[in-house]
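Note that these values count all heavy atoms, side chains included, but never hydrogens, waters or copies made by symmetry. Predicted model only: the values in this text are computed from it and were never measured. Atoms within each ligand, like the ligands themselves, are counted from 1 in listed order.
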Amino acid sequence: MISPIAWPAEAIWAQIFPLLPDFTVEVLPTIDSTNSELMRRARAGQQEPSLLVADQQTAGRGRMGRVWQSQPGDSLTFSISLPLAPQDWSGLSLAVGLSLAESLHPDIGLKWPNDLWFQDRKLGGILVEAASMGGRSQVVVGVGLNIRPRSADGLNTAPAALAELLPDLTAHACLARVAPPLIKTLLAFEAEGFAPLQARFESRDVLKGRRVDTSDGQLGLALGVGRTGALRLQTATGVQDIVSAEVSVRPLKSENTF
Ligand code: BTN
């Protein structure tokens, strides 16, 4: 049993309160999904910036309607809800991944658009959703990080875990480390967009220089990301900017062919 007291709620709140005076931090022992809960609240009109962390999710959600599996203590699962009005939303999820990676370890890579990778295995994922009401948008950013190894059940590749890089890091300490810079990144993104982050993203880009397949049937060499966060792909017919798709890396033996 994990005690809610152990979560660093006050320390996080104290760092964010000067920027967002109505910011709240909430810890729940169990919830279906922190993203689902903050989206329900946003749709009901709640606009206060908030962070919700749960020891356990019973119906964690991943991108593209997938399930997100997590174990209490072995995973960190939290979501942040903010009213946000950037001029351009492009690259938001890349900015989130970059913030997490930079808060955690220099060896964490980023797989476009927003997976955290270590040694070609997934370490964490991000689910960005938004609710719009009366011309205002509330963004909900959900983060799932594997703290300790978890089973490969139902996955193509066994996931990576932060314990491989940071053996003493608990889920609680991880939240304290990543949440304040992430909220600051979201506020900076609202003002400046993705462009100032492009070079830092590219320095961790695990796809650059590799042959990839996209879920919409494109095949090509990943060239990097553009100023709005699009994946630049050299295909047989020219350079394509991929804005939204699932991307998988080609196995090495077939990397030399389109
Ligand atoms: C993905 O890689 O497919 C995204 C995974 C996002 C998982 C996190 S865990 C906290 C938040 N609540 C959810 O139900 N999903 C996100």
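Considering backbone and side-chain atoms alike, Thr77 places every N or O at 3.5 Å or more from each N or O of ligand 1. Here's the thing with Arg66: none of its N/O atoms is less than 3.5 angstrom from an N/O atom of ligand 1.
Within a 6.0 Å sphere centred on CZ of Arg40, heavy atoms belonging to other residues, nucleotides or ligands number more than 12. By the neighbour-count criterion of 12 heavy atoms within 6.0 Å, atom CD of Gln240 is densely surrounded, having more than that number from other residues, nucleotides or ligands.
Heavy-atom contacts of Ser79 reach the following atoms of ligand 1: 11 (C) (cutoff under 4.0 Å). Taking a cut-off of under 4.0 Å to the non-hydrogen atoms of Thr34, the atoms of ligand 1 that pass are 10 (C), 11 (C), 12 (N). Each of the atoms 10 (C) of ligand 1 lies under 4.0 Å from some heavy atom of Phe78. Close contacts of ligand 1 with Asp115, meaning ligand atoms under 4.0 Å from a residue heavy atom, involve 2 (O). Residue contact check: Gly62 has heavy atoms under 4.0 Å from atoms 1 (C), 3 (O), 4 (C), 5 (C) of ligand 1. Of all atoms in ligand 1, listed by their number and element, those nearer than 4.0 Å to a heavy atom of Ser33 are 12 (N), 13 (C), 14 (O). Atoms of ligand 1 found under 4.0 Å from any heavy atom of Gly60, numbered from 1 in the order shown, are 14 (O).
Nearest non-hydrogen protein atom to atom 2 (O) of ligand 1 is Lys122 NZ, 2.5 Å. Remark: minimum distance from atom 5 (C) of ligand 1 to any protein heavy atom is reached at Trp68 CE3, 3.4 Å. Nearest non-hydrogen protein atom to atom 3 (O) of ligand 1 is Arg63 N, 2.7 Å. Nearest non-hydrogen protein atom to atom 15 (N) of ligand 1 is Arg61 O, 2.7 Å.
Only the backbone of Val143 comes within 4.0 Å of ligand 1, judged by heavy-atom distances. With a 4.0 Å heavy-atom cut-off, ligand 1 is reached by the side chain of Gln57 but not by its N, CA, C or O.
There is a side-chain donor-acceptor pair under 3.5 Å between Thr34 and Gln57. Side chains of Ser90 and Thr228: a donor-acceptor N/O pair is absent below 3.5 angstrom, by distance only. At a cut-off of 3.5 Å, with distance as the only test, no side-chain donor of Arg41 or Ser81 sits close to an acceptor on the other residue.
Considering only heavy atoms from C-beta on, Asn35 comes within 4.5 Å of Arg61 through its side chain. Looking at Leu182 and Ile80, their side chains come closer than 4.5 Å, going by heavy atoms from C-beta outward.
For the residue pair Ser244 and Asp216, the shortest heavy atom distance occurs at O-OD2, 4.4 Å. Closest heavy-atom contact between Ser50 and Leu38: OG-CD2, 3.8 Å.
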Requested in this report: Could you please spell out the steps behind the side-chain hydrogen bond (donor to acceptor under 3.5 Å, both in side chains) verdict for Thr77 and Ser75?
Outcome: CA-CA 6 Å; Thr77 52; Ser75 311; over 6 Å; no
